[in-house]
S.K.: 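Before anything else, here's the structure in question.
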Protein chains: 2
Amino acid sequence: MKTYSISQAAKELNLTAYTLRYYDKEGLLPFVDRSESGTRQFKEKDIDALRIIECLKSTGMPIKEIKHFIDWCAEGDSSLQQRYNMFLERKACVEAQMEELKKTMEMIDHKCHYYETALEAGTEKIHQEVKMEFPEY
Amino acid sequence: MKTYSISQAAKELNLTAYTLRYYDKEGLLPFVDRSESGTRQFKEKDIDALRIIECLKSTGMPIKEIKHFIDWCAEGDSSLQQRYNMFLERKACVEAQMEELKKTMEMIDHKCHYYETALEAGTEKIHQEVKMEFPEY
DNA sequence: TTAATCCTTATAGTTAACTCTAAGGCAAGA
DNA sequence: TCTTGCCTTAGAGTTAACTATAAGGATTAA
């Protein structure tokens, strides 16, 4: 079975070897086996697990909370409900982030339009004048 | 014209007074006027500007870069093009974030389904067995 | 064999964005 | 008047997540 060295694994995941060692130190990688001389040997399955870790991180989950999940995984079937609940919470969190991002996009679009108009007119004053004639709402 | 004290402004923006003073120190709030005794007096327009600052922050823009935008605003019409370009870049950035979030959501959904199936079966093993019969792609 | 290039552990430093403390000024209500 | 509760400044402390250094061991390529 193919294994990856720490730097190969890092490359695969767009991380650094430093980061992977840091994750290991924080207890995120208890499943990674070592060679006789103590070198970490990342299996394909470990890379997949790390992709899940990165996914959780991208939802804004701090490393200490991700560790709870990793611990639950080691516990086996008795923690299935907790793990399911965690993913449901993450789902809600991501949905909220999507909503936020939509609002952000609306503001950015509004500003893009603001500057397009200003550039056409050659001055930002165009917006002040418009507002004086047609007060906002 | 109504003005807000720093703590009122903070409340309005869901920030703390500490944070607003920090922003000021970093040069993000040169437009905020002071009373005779030196107290910051936030105008409605200033609150709106802070909402834009928060919007930029939510796109992942660091405070030092936001300062460039604030400086451009003070420069007037000569920086219109730069400011427009900046918002176009932010737009692209937010679009990329949306794509990322979509991928994250797909993984989360996949995991939710994984745990639903496992909970029904009472064990995670159901997934290993399935994989043995029908290898993945 | 010798240098390069990996790897290890332990520990220190960095960065961003706050977050708070200390010391003190001002103004309104009891 | 005096206490409460704002406000100010300067500067120190915190936190998360890296990021790097030091000291040294093992493996590979010329």
Side-chain angles (χ1 to χ4, degrees), chain A residues 2-43 46-47 50-70 90 93 97 100 104, chain B residues 2-43 46-47 50-70 90 93 97 100 104:
Chain A
K2 202 212 160 177
T3 62
Y4 299 76
S5 73
I6 197 165
S7 55
Q8 289 170 329
K11 202 170 197 176
E12 196 70 24
L13 292 155
N14 270 313
L15 297 171
T16 67
Y18 291 141
T19 304
L20 288 177
R21 285 193 207 101
Y22 166 69
Y23 286 0
D24 201 1
K25 197 162 55 181
E26 295 299 309
L28 259 46
L29 312 177
F31 45 78
V32 176
D33 293 331
R34 305 286 186 120
S35 74
E36 274 179 32
S37 53
T39 305
R40 291 177 190 82
Q41 292 176 313
F42 292 79
K43 301 173 291 294
D46 300 345
I47 304 285
L50 270 155
R51 285 194 221 283
I52 296 297
I53 288 171
E54 288 307 291
C55 169
L56 291 173
K57 250 169 48 64
S58 78
T59 71
M61 198 170 180
I63 280 171
K64 281 183 186 175
E65 274 181 54
I66 298 177
K67 188 183 177 325
H68 295 154
F69 168 66
I70 298 295
R90 283 299 109 193
C93 175
Q97 282 176 46
E100 274 304 300
T104 298
Chain B
K2 202 211 161 177
T3 61
Y4 298 77
S5 73
I6 197 166
S7 56
Q8 288 169 330
K11 202 171 198 176
E12 196 69 23
L13 292 154
N14 270 314
L15 297 171
T16 67
Y18 292 141
T19 304
L20 287 177
R21 286 192 205 102
Y22 166 68
Y23 285 179
D24 200 1
K25 199 160 55 181
E26 294 300 308
L28 259 47
L29 311 178
F31 45 78
V32 176
D33 293 330
R34 305 287 186 119
S35 73
E36 273 180 34
S37 52
T39 304
R40 290 177 191 83
Q41 292 176 314
F42 292 80
K43 300 174 292 295
D46 300 344
I47 304 286
L50 270 156
R51 283 193 223 283
I52 296 297
I53 288 172
E54 288 308 291
C55 170
L56 291 173
K57 251 169 50 63
S58 78
T59 71
M61 197 172 183
I63 280 170
K64 281 183 185 175
E65 274 181 54
I66 298 177
K67 187 183 176 329
H68 294 154
F69 167 66
I70 298 295
R90 284 299 108 193
C93 176
Q97 283 177 44
E100 273 306 298
T104 298

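The figures here come from the full heavy-atom set of this structure, side chains too, leaving out hydrogens, waters and symmetry mates.
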S.K.: Using heavy atoms to find the nearest nucleotide of DNA chain C for B:Tyr18 and B:Glu54 separately, return the residue whose nucleotide is more 5′.
M.R.: B:Glu54
S.K.: How close or far is atom C1' of C:dT9 from atom NZ of A:Lys25, stated in whole angstroms?
M.R.: 9 Å
S.K.: OP1 or OP2 of D:dA26 sitting under 4.0 Å from any side-chain N/O of A:Arg34?
M.R.: no
S.K.: Compute the bend angle of the helix from C:dT1-D:dA30 to C:dA30-D:dT1 from the end axes (five pairs per end), rounded to 10°.
M.R.: 0°
S.K.: How long is the straight-line distance from CG of B:Leu29 back to NZ of B:Lys67, given to the nearest 0.5 Å?
M.R.: 11.0 Å
S.K.: CE of B:Met61 versus C1' of C:dA16: gap in Å, rounded?
M.R.: 15 Å
S.K.: Roughly how many Å is it from CG in B:Asp24 to P in C:dA17, rounded to a whole number?
M.R.: 16 Å
S.K.: What is the distance, to the nearest angstrom, from the CD atom on A:Glu65 to the C1' atom on D:dA17?
M.R.: 15 Å
S.K.: Rounded to the nearest 0.5 Å, how far apart are CG of A:Asp46 and CZ of A:Phe31?
M.R.: 5.5 Å
S.K.: Please determine if a side-chain N or O atom of B:Lys57 lies less than 4.0 Å away from the OP1 or OP2 oxygen of C:dC18.
M.R.: yes
S.K.: Which of these nucleotides, D:dG11, D:dA17, C:dC18, is closest to any side-chain atom of A:Tyr22?
M.R.: D:dA17
S.K.: Return the CD1 to CD1 distance between B:Ile53 and B:Ile47, rounded to the nearest 0.5 Å.
M.R.: 10.5 Å
S.K.: For the pair made of CG in B:Leu20 and P in C:dC20, what is the distance, rounded to whole Å?
M.R.: 14 Å
S.K.: Working to the nearest 0.5 Å, report the span between CD of A:Glu54 and CZ of A:Arg51.
M.R.: 10.0 Å
S.K.: Measuring to OP1 and OP2 of C:dC18, would you say a side-chain N or O of B:Tyr23 lies under 4.0 angstrom away?
M.R.: yes
S.K.: Could you give the CD1-to-P distance, from A:Ile63 to D:dT15, as a whole number of Å?
M.R.: 16 Å
S.K.: Rounded to the Å, how far apart are B:Leu56 CG and C:dA17 C1'?
M.R.: 16 Å
S.K.: Rounded to whole angstroms, how far apart are CZ on B:Phe42 and C1' on D:dT8?
M.R.: 13 Å
S.K.: Nearest 0.5 Å please: distance from the CG atom of B:Asp33 over to the NZ atom of B:Lys43.
M.R.: 3.5 Å
S.K.: Using residues 7-14 of chain A as the side-chain source, report each donor-acceptor pair under 3.5 Å to any protein atom, sequence neighbours left out, with the distance given to one decimal.
M.R.:
| from | atom 1 | to | atom 2 | distance (Å) |
| --- | --- | --- | --- | --- |
| A:Ser7 | OG | A:Ser5 | OG | 3.3 |
| A:Gln8 | OE1 | A:Ser5 | N | 2.8 |
| A:Gln8 | OE1 | A:Ser5 | OG | 3.4 |

S.K.: Quick one, B:Arg90 and B:Phe69 - any side-chain contact, counting heavy atoms below 4.5 Å?
M.R.: no
S.K.: Check nucleotides 4-7 of chain D against the protein and report each pair of N or O atoms closer than 3.5 Å, with its distance, or say if there are none.
M.R.:
| from | atom 1 | to | atom 2 | distance (Å) |
| --- | --- | --- | --- | --- |
| D:dC7 | OP1 | B:Ser5 | OG | 3.1 |
| D:dC7 | OP1 | B:Ser7 | N | 3.1 |
| D:dC7 | OP1 | B:Ser7 | OG | 2.6 |
| D:dC7 | OP2 | B:Ser7 | OG | 3.4 |

S.K.: Mind checking the CD1-CG spacing from A:Ile63 to A:Leu56? Nearest 0.5 Å is all I need.
M.R.: 11.0 Å
S.K.: Between the side chain of A:Gln97 and the main-chain N/O of A:Thr59, is any donor-acceptor distance below 3.5 Å?
M.R.: yes
